[in-house]
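Below is one structure, written out as structure tokens; comments come after it.
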Amino acid sequence: MEGTILKRLIRRPWLSLTGFLVGGALCLLLCLLTLHLDRQQAHLEEVRNSYEIRAVVSDVRGTKTDRLFMSYRYTDFLRDEQNGLGAYVRDLRLTKSFDMNAPFGTGKAVGVTNERCAAALDPKAGGAWYAETEDFFESSERICLVSEVYYEALAGQDVSLTLTDGYAIGEGKGEYPFKVVGWYKGEGTNVYLPYPTSQIIAGQLAEAPSTDSACFIVKDNERIDEMLAVAESMFRKVDPGEAQGRAFALTVHDRQYKATIASMEQNIRRTAYLFPLIALMTLCVGFTLGILGTRRETRTYALMRSLGVGRFRLLCSVLAEQMLMPLLAAGVVAAILARPLPALLFAACHFVGCVFSVLRPVTVAPTKLFREQE
């Protein structure tokens, strides 16, 4: 039987070659489609994990994000991992600023939690900084950074800073010595302090520490709705018509993120829609090749049946003949691209198409086939 299959393939070289080429092309198309889909999925996951969504605290009207004078209970809520937003927050940026008079000029003394709180410090914004003290931003000591133009003259020295806290009910003014331990890029007269130090001084000047601005990066972009549900116990939604008061709002800037994710998911769905189309094409190709391969073999099949070849055995032989070259091409493509699943999908669809095309000429009774031939 195997020899008969090979003889029939050799007798129809163009049809065999067509089956090989078309089968390889369809399998290649399926492999490339799955590869493209995998890349789209990987890119989607990368965007979900790496896209930085910024959440900002503002007044309830959404018109101001600085000089908010938030009490410590709001900042504690942002840091609390058990009952607050701490589990949803990374890169928390808190600032506290004072009006300042210094020997080298007037400006602001700003307490910051990290370098991204100020453009002059943030390398991503074109800034730069240096501190002799490790863990500068976590320190509670009276240390500061001055601009690079003053650092050479003041490095390691104590400077007297007169600070005024706008949150204080009274004068809220005091003079404090600060050691210059580093510099920041620029020529300004502002001074940067560790945030914990600023809170200690704010507590002394205003009897209660306060924070002027707060923002953070969402830790898990898939848990934004969950985060907002927790935030409702402390923060309001922005309402431009709301009367101004001591309430604060939390705004999550995720519109661009959601639009990007929606667009990528739509592209993935469009790519996935091509699979049924290619599967149908494969089925039709299998059916067509089967028709072309059996249309002149009806009498041969009838004779084989008359000589005692069983219906099932003949069906398997004909299917093997029709499937051999396309499957060989699919195997080569799958081996080169290391994509076995598309090859299996191709084989299944091609097999179904072939079965429909060869079932009648193989299984019909020989006497009926002879009468049709006559």
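This chain uses plain numbering: 1 for the first residue, then up along the sequence. Computed from a predicted model, the values in this text were never measured in an experiment.
- The ring-ring contact (aromatic ring centres under 6.0 Å, His included) analysis of residues 328-360, with sequence neighbours excluded, yields the pairs Phe346-His350.
- In this structure, Leu68 CG and Phe248 CZ are separated by 5.5 Å, a value rounded to the nearest 0.5 Å.
- With respect to Asp99 and Lys108, a salt bridge is recorded, a charged nitrogen being found less than 4.0 Å from a carboxylate O.
- Put simply, the side chain of Phe287 reaches to within 4.5 Å of the side chain of Ser357, judged on heavy atoms.
- Within 6.0 Å of CZ on Arg90 lie more than 12 heavy atoms contributed by other residues, nucleotides or ligands.
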Chi angles and distances behind the side chain to side chain donor-acceptor pair (under 3.5 Å) call for Ser147, Glu187: CA-CA 6 Å; Ser147 65; Glu187 301 179 354; over 6 Å; no
Could you please spell out the steps behind the side-chain contact (heavy atoms from CB on, under 4.5 Å) verdict for Ile53 and Ile217? CA-CA 6 Å; Ile53 298 178; Ile217 302 299; 5.8 Å; no
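- Put simply, the side chain of Met100 does not reach to within 4.5 Å of the side chain of Thr162, judged on heavy atoms.
- One N or O on the side chain of Asp59 and one on the backbone of Gly62 form a donor-acceptor pair closer than 3.5 Å.
- Hydrophobic clustering, with ILVMFWY side chains joined whenever heavy atoms are under 4.5 angstrom apart, groups Val230 together with Val57.
- Remark: side-chain polar atoms of Asp80 are not paired, donor with acceptor, to backbone N or O of Leu85 under 3.5 angstrom.
- Of all the heavy atoms in Val333 and Cys31, the pair that sits closest is CG1-SG, 4.1 Å.
- Here the side chains of Leu163 and Lys173 are not in contact, with every heavy-atom distance at 4.5 Å or above.
- Results of the side-chain hydrogen bond (donor to acceptor under 3.5 Å, both in side chains) test with Tyr195 over Thr211, Asn114, Thr95 single out Thr211 as the only residue that passes.
- Between Cys27 and Ala343 the shortest heavy-atom distance is SG-CA, 3.8 Å.
- Tyr74 and Phe235 have tilted rings, their planes meeting at an angle from 30° to 60° on a 0 to 90° scale.
- Arg116 has a carboxylate O that lies under 4.0 Å from a charged side-chain N of Glu52, or vice versa, which qualifies the two as a salt bridge.
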From CA spacing to verdict: side-chain contact (heavy atoms from CB on, under 4.5 Å), Leu145, Trp183: CA-CA 5 Å; Leu145 307 178; Trp183 56 267; 6.0 Å; no
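- Side-chain atoms of Asp135 do not come within 3.5 Å of backbone N or O of Glu138 as any donor-acceptor pair.
- Under the 4.5 Å side-chain heavy-atom criterion for Ile, Leu, Val, Met, Phe, Trp and Tyr, Tyr176 and Val159 are members of the same hydrophobic cluster.
- Inspection of the Ser97 and Asp212 side chains reveals an N or O donor paired with an N or O acceptor under 3.5 Å.
- By the 4.5 Å heavy-atom criterion applied to side chains, Ile201 and Phe98 are counted as neighbours.
- Aromatic rings of Tyr192 and Tyr184 (six-membered ring for Trp) have centroids within the 6.0 Å cut-off, being under it.
- Cluster annotation: Val110 and Leu161 are assigned to distinct hydrophobic clusters (Ile/Leu/Val/Met/Phe/Trp/Tyr, side-chain heavy-atom contacts under 4.5 Å, transitive).
- Side-chain contact of Glu141 with Thr197: a donor-acceptor pair under 3.5 Å is absent, judged by distance alone.
- Between Tyr150 and Phe104, the ring centre distance stays below 6.0 Å.
- Scanning all heavy atoms of the two residues, the minimum distance from Arg79 to Leu92 falls at CG-CD2, 3.6 Å.
- Contact of the Thr63 side chain with the Ser58 side chain is not registered, since no non-hydrogen atoms from C-beta on lie closer than 4.5 Å.
- One finds the CG atom of Leu289 at 11.0 Å from the SG atom of Cys284 (value rounded to the nearest 0.5 Å).
- Scanning both residues, Thr34 and Pro342, for their nearest heavy atoms gives OG1-CG, 3.5 Å.
- Side-chain N or O atoms of Thr189 include one that pairs as donor or acceptor with a backbone N or O of Thr106 at under 3.5 Å.
- Only one option out of Lys219, Glu226, Glu81 pairs with Tyr88 in a side-chain hydrogen bond (donor to acceptor under 3.5 Å, both in side chains); it is Glu226.
- Annotation for Ala334 and Pro340: closest pair CB-CA, 4.4 Å, computed over non-hydrogen atoms.
- Arg339 pairs with exactly one of Leu35, Leu32, Leu33, Leu28 by the side chain to side chain contact (heavy atoms under 4.5 Å, CB included) rule, that one being Leu35.
- Here the straight-line distance linking atom CG of Asn267 with atom CE of Met264 works out to 8.0 Å at 0.5 Å rounding.
- To the nearest 0.5 Å, atoms SG (Cys144) and CG (Asn190) are separated by 11.5 Å.
- Between Lys96 and Asp165 there is a salt bridge, with a side-chain nitrogen of the basic residue lying less than 4.0 Å from a carboxylate oxygen of the acidic one.
- Follow the hydrophobic side-chain contacts under 4.5 Å out from Met227 and you reach Met234 in the same cluster.
- A salt bridge is defined here as a Lys NZ or Arg NE, NH1 or NH2 lying under 4.0 Å from an Asp or Glu carboxylate O, and Glu222 with Arg48 meets this definition.
- Side-chain heavy atoms closer than 4.5 Å link hydrophobic residues (I, L, V, M, F, W, Y) into clusters, and following such links, possibly through other members, connects Val22 to Leu292.
- A donor-acceptor pair is defined here as one N or O able to donate and one able to accept, closer than 3.5 Å; such a pair exists between the side chain of Gln199 and the backbone of Ser210.
- Between Val56 and Arg54 there is a side-chain heavy-atom pair separated by less than 4.5 Å.
- Atom NZ in Lys237 sits 8.0 Å away from atom CG in Leu228 (nearest 0.5 Å).
- The distance from atom CG of Asp38 to atom NE2 of His43, rounded to the nearest 0.5 Å, is 14.5 Å.
- Using a cut-off of 4.0 Å between Lys/Arg side-chain N and Asp/Glu carboxylate O, Asp91 and Arg93 are scored as salt-bridged.
- For the residue pair Arg67 and Gly166, the shortest heavy atom distance occurs at NH2-CA, 4.2 Å.
- Inter-residue side-chain proximity for Leu283 and Val285 is flagged as unmet; no heavy-atom pair is nearer than 4.5 Å.
- Side-chain atoms of Asn49 come within 3.5 Å of backbone atoms of Glu45 as a donor-acceptor pair (strictly under, hydrogens ignored).
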Please walk me through it: do Phe137 and Leu121 pass side-chain contact (heavy atoms from CB on, under 4.5 Å)? CA-CA 12 Å; Phe137 298 107; Leu121 305 177; 4.3 Å; yes
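- Here the side chains of Leu193 and Phe136 are not in contact, with every heavy-atom distance at 4.5 Å or above.
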Could you go step by step and tell me if Leu345 and Phe275 meet the side-chain contact (heavy atoms from CB on, under 4.5 Å) rule? CA-CA 10 Å; Leu345 176 61; Phe275 278 101; 4.3 Å; yes
